A.B. asks: 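Provided herewith is a single structure, encoded as C-alpha cells, for subsequent inquiry.
Since the structure is predicted, the reported quantities are computational estimates derived from the model, not experimental observations.
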Amino acid sequence: MILIKPVITNKSSINEKQNCYTFFVCIKSNKNQIKKEINKVFGVTIKKIRTMIYPRKDKSKYTKKGFLYGKTIRLKKAIIQLKENQKIDFFNQKKI
C-alpha cells in the first residue's frame, strides 16, 4: 500500500480550494507509483505531484523512571494537485 493516510490540517484544508490534497505515503514510493495509486483509489486525474521527506527526530521525555529517549519515524509527504473540476471527498470514500 503506497498511500498511508490523508493529512487533514488547517493548512491542507485551505489548499483544497486550489485542488491540492496532502497524503502521507510510503518512503520508497516514487511519483509515478503515487500517481497510479491515487488514480486507482479515487478515480481522478493528477496535474502535479510534489513530494518531501521529513527526517527522523530525537525525542525525550521525563517520567517517574527517569528520562526516556527515542526517535520519530521518517515520513514522506505528497502534495497532489488535481485538474480543474475534480475533487476528492475523504469522508464518503472507502478507507485507505
Side-chain angles (χ1 to χ4, degrees):
M1 194 73 173
I2 293 173
L3 298 176
I4 297 173
K5 66 178 180 177
V7 178
I8 301 174
T9 60
N10 190 18
K11 187 174 181 180
S12 68
S13 65
I14 292 170
N15 286 338
E16 285 181 13
K17 295 173 184 170
Q18 295 146 0
N19 281 346
C20 291
Y21 297 91
T22 308
F23 292 91
F24 286 126
V25 296
C26 181
I27 290 283
K28 296 180 181 179
S29 62
N30 59 25
K31 290 183 181 182
N32 291 330
Q33 292 172 338
I34 296 169
K35 185 175 183 177
K36 288 179 186 175
E37 184 75 18
I38 293 286
N39 193 3
K40 185 175 80 172
V41 172
F42 297 108
V44 294
T45 54
I46 296 169
K47 182 178 180 182
K48 188 177 184 180
I49 296 178
R50 294 174 298 222
T51 59
M52 58 209 77
I53 296 176
Y54 291 103
R56 295 177 73 166
K57 293 182 182 176
D58 293 330
K59 291 279 196 163
S60 63
K61 64 181 178 180
Y62 182 73
T63 62
K64 289 181 183 179
K65 296 180 181 180
F67 276 102
L68 295 177
Y69 297 101
K71 293 184 181 238
T72 61
I73 59 171
R74 283 178 38 188
L75 294 173
K76 186 172 192 174
K77 190 161 78 169
I79 299 174
I80 296 153
Q81 185 176 8
L82 302 178
K83 292 189 177 178
E84 290 81 21
N85 301 326
Q86 295 195 351
K87 194 176 196 180
I88 294 176
D89 191 10
F90 293 120
F91 301 109
N92 291 334
Q93 294 287 334
K94 62 181 179 180
K95 289 191 176 185
I96 298 175

A.B. asks: Which atom pair, heavy atoms only, marks the closest approach of K87 to V44?
C.D. replies: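 Heavy-atom minimum between the residues: O-CG1, 4.0 Å.
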A.B. asks: Using a cut-off of 6.0 Å, state whether more than 12 heavy atoms not belonging to K35 lie near its atom NZ.
C.D. replies: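 Counting other residues, nucleotides and ligands, NZ of K35 stays at 12 neighbours or fewer.
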A.B. asks: Identify, with sequence neighbours excluded, every residue that meets side-chain hydrogen bond (donor to acceptor under 3.5 Å, both in side chains) alongside T63.
C.D. replies: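 With neighbours one apart ignored, the set is empty.
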A.B. asks: Taking the side chain from E37 and the backbone from I34, do they hold a donor-acceptor pair closer than 3.5 Å?
C.D. replies: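 It does not hold such a pair.
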A.B. asks: Check whether any side-chain heavy atom of I88 sits under 4.5 Å from a side-chain heavy atom of L82, and report yes or no.
C.D. replies: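 A side-chain contact under 4.5 Å exists here.
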A.B. asks: By side-chain hydrogen bond (donor to acceptor under 3.5 Å, both in side chains), which residues pair with T72, not counting sequence neighbours?
C.D. replies: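 So T72 forms no side-chain hydrogen bond (donor to acceptor under 3.5 Å, both in side chains) with any residue.
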A.B. asks: Within the structure provided, determine whether I38 and L3 are in side-chain contact (heavy-atom separation under 4.5 Å).
C.D. replies: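 They are in contact (side-chain heavy atoms under 4.5 Å apart), so the answer is yes.
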A.B. asks: Please check: side-chain N/O of Q86 versus main-chain N/O of T45, any donor-acceptor pairing under 3.5 Å?
C.D. replies: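 The answer is yes, because a donor-acceptor pair under 3.5 Å joins these two groups.
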A.B. asks: Only pairs at least two apart or in different chains count here, so list each side chain to side chain donor-acceptor pair (under 3.5 Å) that has a residue in residues 17-28.
C.D. replies: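 Found none.
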A.B. asks: When you compare the side chain of I80 with that of F42, does any pair of heavy atoms fall below 4.5 Å?
C.D. replies: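 Of all side-chain heavy-atom pairs linking I80 with F42, none is under 4.5 Å.
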A.B. asks: Applying side-chain hydrogen bond (donor to acceptor under 3.5 Å, both in side chains), name anything that partners Q81, two or more places apart in sequence or on another chain.
C.D. replies: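 side-chain hydrogen bond (donor to acceptor under 3.5 Å, both in side chains) check on Q81 returns nothing, list empty.
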A.B. asks: Taking all non-hydrogen atoms of both residues into account, name the closest pair between I27 and L75 and its distance.
C.D. replies: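 Answer, listing the atom of I27 first, then L75: CD1-C, 3.7 Å.
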A.B. asks: Quick test of your reading: applying salt bridge (charged side-chain N to carboxylate O under 4.0 Å, His left out), list the pairs with at least one residue in residues 42-60, sequence neighbours left out, ordered by first then second residue.
C.D. replies: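 Residue pairs with at least one partner in residues 42-60: K47-E84, D58-K71.
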A.B. asks: Applying a strict under-4.5 Å side-chain criterion to I, L, V, M, F, W and Y, I'd like to know whether I4 and I53 cluster together.
C.D. replies: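 Different clusters: I4 never reaches I53 through Ile, Leu, Val, Met, Phe, Trp or Tyr contacts under 4.5 Å.
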A.B. asks: Could you list the residues that satisfy ring pair (Phe, Tyr, Trp, His ring centres under 6.0 Å) with F67, not counting sequence neighbours?
C.D. replies: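 If we apply the ring pair (Phe, Tyr, Trp, His ring centres under 6.0 Å) test to F67, skipping adjacent residues, the hits are Y62.
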A.B. asks: Verify the cluster assignment for F24 and I73: are they in a single hydrophobic cluster under the rule of side-chain heavy atoms below 4.5 Å apart?
C.D. replies: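 Result: yes, single cluster for both.
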